[in-house]
Amino acid sequence: MNRYFIYLGYNGKNYCGWQVQPNGVTVQQCLEEALGILLRKPVPVVGAGRTDAGVHARLMVAHFDWETEITDLFHLAGKLNRLLPKDIAVYNIVPVVSDAHARFSATSRTYNYYITDKKDPFNHETVYKLPVQPDFAKMNEACKELFKYTDFTSFSKLHTDVKTNNCKIMQAEWKQDGDVWIFTIQADRFLRNMVRSIVGTLLEVGRGKLSIQGFRDVIEQQDRCKAGTSAPGHALFLVNVTYPEELFIKNN
């Protein structure tokens, strides 16, 4: 079998997340259906992660297997784009070694979350509008606490099927871009609902409802009920997934 990585992006507004579900259209479903039409048989795809309903991806990676070598991957990507809805786009398809895995081989994922306190008719579907600007300096102070921990049970959706709630956070900070503040967080892996839960809890700090020590206490108690309410999904974007170079088959 030949394995391929598909690099794609999508606006998640009209989807019930990435992963196939019995009740609701998902991005994975749309991609599998389009591949099945082009290759004339069912083609399962495996994504780098599971984005929630309404969450977007500037860059998602998925893999699929095919019996024979596909010689014109550029042509296949173009055909996929003609079949897929306008809110899903394939950027590239590349050959990888047979044991490369879109999810388990990834070394890091990066998410951005967007917040503003200014009304803008052009970004309201992708930026979280707050009535009052929180204290981002204090929120950045709290971000530094995340690097001191690995168990993020407090920021995980309850009753998930993962074996561990340990993650290594490599980056976590708020930066301003005009009227919008962007939270960037990078880790080796993320738990379900983790980024939105972290953002919601950081907002408690920024509103003066939670101290830095209180933020530490939330993490240390390893109890989802102690963390803040999850921030809305419409302002969250998966923006990057990284892999070791040796997974990619170079063209001669």
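The first residue of the sequence shown is numbered 1, and numbering continues consecutively from there. In this text the structure is predicted, and so the values were computed from the model without any measurement.
- Residues D117 and W181 form no side-chain contact, since every pair of their non-hydrogen atoms from C-beta on lies 4.5 Å or further apart.
- E69 places no side-chain N or O within 3.5 Å of a backbone atom of N2 that could act as its donor or acceptor partner.
- By the 6.0 Å contact criterion, NE2 on H75 is open, its count of non-hydrogen atoms from other residues, nucleotides or ligands being 12 or less.
- Classified by interplanar angle (parallel below 30°, tilted 30° to 60°, perpendicular above 60°), the ring pair F155/F152 is parallel.
- Nearest approach of R192 to R50, heavy atoms of both residues: CD-NH2, 3.1 Å.
- Rounding to the nearest 0.5 Å places CD of E125 at 7.5 Å from CG of N11.
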Derivation and outcome, side-chain contact (heavy atoms from CB on, under 4.5 Å), residues R109 and L238:
CA-CA 8 Å; R109 288 105 167 145; L238 173 64; 4.3 Å; yes

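- With hydrophobic clusters built from ILVMFWY side chains whose heavy atoms lie under 4.5 angstrom apart, F248 shares a cluster with Y91.
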Report the C-alpha distance between I198 and L146 in whole Å, list the side-chain angles of each, state the deciding distance to 0.1 Å, and finish with yes or no for side-chain contact (heavy atoms from CB on, under 4.5 Å).
CA-CA 9 Å; I198 288 175; L146 293 168; 4.2 Å; yes

So T110 and R58, side-chain hydrogen bond (donor to acceptor under 3.5 Å, both in side chains) or not? Walk me through it.
CA-CA 10 Å; T110 306; R58 295 195 189 280; over 6 Å; no

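- Follow the hydrophobic side-chain contacts under 4.5 Å out from V90 and you never reach V46; the two are in separate clusters.
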Step by step, work out the ring pair (Phe, Tyr, Trp, His ring centres under 6.0 Å) result for Y111 and F190.
CA-CA 10 Å; Y111 283 88; F190 286 94; 5.1 Å; yes

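- Scanning all heavy atoms of the two residues, the minimum distance from E32 to V45 falls at OE2-N, 3.0 Å.
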Can you check side-chain hydrogen bond (donor to acceptor under 3.5 Å, both in side chains) on S108 and Q186, steps first, answer last?
CA-CA 7 Å; S108 74; Q186 180 187 29; 3.1 Å; yes

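- Using a 4.5 Å cut-off between side-chain heavy atoms of Ile, Leu, Val, Met, Phe, Trp and Tyr, with links allowed through other members, I70 and V96 fall into the same hydrophobic cluster.
- Interatomic distance, OH of Y113 versus CG of L236, reported as 7.0 Å (0.5 Å rounding).
- S154 places a side-chain N or O within 3.5 Å of a backbone atom of V218 that can act as its donor or acceptor partner.
- Taking both residues in full, the closest heavy atoms of L202 and C143 are given as CD1-SG, 3.8 Å, listed atom of the first, atom of the second, then distance.
- Residues K138 and I212 form a side-chain contact, since some pair of their non-hydrogen atoms from C-beta on lies under 4.5 Å apart.
- Through direct or indirect side-chain contacts shorter than 4.5 Å among Ile, Leu, Val, Met, Phe, Trp and Tyr, V180 is connected to Y114, V127, I182, F237, V239.
- To the nearest 0.5 Å, atoms CG (L247) and OG (S105) are separated by 5.0 Å.
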Set out, in order, the CA-CA distance, both residues' side-chain angles and the distance that settles side-chain contact (heavy atoms from CB on, under 4.5 Å) for L84 and L8, then state yes or no.
CA-CA 11 Å; L84 287 166; L8 70 152; over 6 Å; no

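- For Q29 (side chain) and L31 (main-chain N/O), no donor-acceptor pair under 3.5 Å exists by modelled atom type.
- Inspection of the S230 and R224 side chains reveals an N or O donor paired with an N or O acceptor under 3.5 Å.
- Using a cutoff of 4.0 Å between basic side-chain nitrogens and carboxylate oxygens, R196 and D52 are scored as salt-bridged.
- N14 places none of its side-chain heavy atoms less than 4.5 Å from the side chain of V25.
- Inter-residue side-chain proximity for D151 and Q222 is flagged as met; some heavy-atom pair is nearer than 4.5 Å.
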Verify side-chain contact (heavy atoms from CB on, under 4.5 Å) between W18 and V55, making sure each step is shown before the conclusion.
CA-CA 9 Å; W18 162 263; V55 174; over 6 Å; no

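- Atom CE of residue M170 and atom CZ of residue F147 lie 10.5 Å apart, to the nearest 0.5 angstrom.
- The backbone N or O of C16 sits less than 3.5 Å from a side-chain atom of Q21, completing a donor-acceptor pair.
- With respect to L76, the side-chain contact (heavy atoms from CB on, under 4.5 Å) criterion is satisfied by exactly one of I93, N81, T71: I93.
- Between K226 and E220, no side-chain nitrogen of the basic residue sits less than 4.0 Å from a carboxylate oxygen of the acidic one, so the salt-bridge criterion is not met.
- T201 places no side-chain N or O within donor-acceptor distance of the main-chain N or O of A227, the cut-off being under 3.5 Å.
- The nearest pair of heavy atoms linking L83 to A34 is CD1-O, 3.7 Å.
- A continuous path of ILVMFWY side-chain contacts below 4.5 Å connects L39 to I88, so both sit in one hydrophobic cluster.
- Distance alone, capped at 3.5 Å, places no donor-acceptor pair between the R3 side chain and the F64 backbone.
- Under the 3.5 Å distance criterion, the side-chain polar atoms of H63 are matched with a main-chain donor or acceptor of A102.
- For K129, the NZ atom is densely surrounded, since the number of other residues' heavy atoms within 6.0 Å is greater than 12.
- Cluster partners of V20 are absent, since no Ile, Leu, Val, Met, Phe, Trp or Tyr has side-chain heavy atoms less than 4.5 Å from it.
- Side chains of C30 and Y15 form a contact here, defined as non-hydrogen atoms less than 4.5 Å apart.
- Distance check: W174 CH2 to M139 CE gives 4.0 Å after rounding to the nearest 0.5 Å.
- The backbone N or O of N166 sits nowhere less than 3.5 Å from a side-chain atom of T150 that would complete a donor-acceptor pair.
- The aromatic rings of Y243 and F5 sit tilted, their planes meeting at an angle between 30° and 60°.
- Residue R189 holds its CZ atom at 5.5 Å from CG of L191, rounded to the nearest 0.5 Å.
- For the pair K250 and E245, the minimum side-chain heavy-atom distance is below 4.5 Å.
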